[in-house]
Amino acid sequence: MKRTGALIDEIVFPNNKSKAFTLSYDDGIVHDRRLVEIMNRWGIRGTFNLNSGFFGLVDNNGPFDFSRINEDEVKELYKGHEIAGHGLNHASPTLVGNSAFMYETIEDKANLERIAGKLVRGYAYPFGHYDASTKEILRNAGYHFARTVEVTHAFALPTDFLEWNATCHHNDARLMELAEDFCKSDLRNMNKQLFYVWGHSYEFEGENNWEVIENLCQYMHDHGEDVWFATNIEIYDYVTAYRNLEYSAEGNMIYNPGGIEVNIKRGGKIYKLSPLTTVTID
Ligand SMILES: [Zn+2]
């Protein structure tokens, strides 16, 4: 059939969810234990960005415990979540020099992969510092995404995963307003694809406001019937597979060259695109 109108395809996440929600927490401080317990209780998932050079470091001389989690608890504690790199010693990617940054990155990746028993493919920039050359080093090291500390107050998917900006930090005054706006369904939700919140678990301890994350996780659990709760790398893999779909010139045939099933919505109908197969849409 000859195509007559413009094609508008929408990404549909696994289990036919139209939106995705993820958390990203840095530094692997002992308060991750309480954060993970809260997330698990509400079925919320996320990514923990760790410094393997600091595991087991004790630092409880300040106003609250700033000690790091132990290496031997990493695998069990973060089960069901993603472990990502945050540099061996939390050195600034742009200030430490390229060769030192390469060492910080690769050594950390090797440590985390050995400890976690799986590939580590995600990263968060220490201090939020990055430039073109740090991105290139990360890409060469096998990192596919890197989170910045910039926030968008929006729900779009990132165009460049090595500059992945969050929707907001958990301390944002608009946090719950954004959560409500995100969960509210409307017919034109194409710009509501991803709600991404970042922070550090020690902030809840230091500011004595654990209810912030408790309320957010509960809210998302209670109102997220159309939301996929995913880790950062799961979102990266799915969105990348979606973006790699190959269309025929008229757009009626779609080939999925990747290894995972991708779902799209066109004209209100959902199409399942299995790996290495072509689907024809009439
Ligand atoms: Zn950090």
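The basis for the numbers below is simple: all heavy atoms, side chains too, and nothing from hydrogens, waters or symmetry mates. Both ligands and their constituent atoms are indexed starting at 1 by order of listing. Everything numeric here is computed off the predicted structure, so don't read it as measured data.
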Would Lys109 count as a cation-pi partner of Tyr143, with NZ or CZ less than 6.0 Å from the six-membered ring centre and within 45° of the ring normal? yes
Which atom, counting only N, O or S, brings Asp27 closest to the Zn ion (ligand 1)? OD1
Below 2.8 Å, can you find an N, O or S atom of His200 next to the Zn ion (ligand 1)? no
Atom CG of residue position Asn208 - does it have more than 12 heavy atoms of other residues, nucleotides or ligands inside 6.0 Å? no
The Zn ion (ligand 1) to His86: nearest N/O/S atom name: NE2
Cation-pi geometry met for Lys19 and Phe182 (6.0 Å, 45°): yes
Hey, are Glu82 and Arg121 close enough for a salt bridge, meaning a charged N less than 4.0 Å from a carboxylate O? no
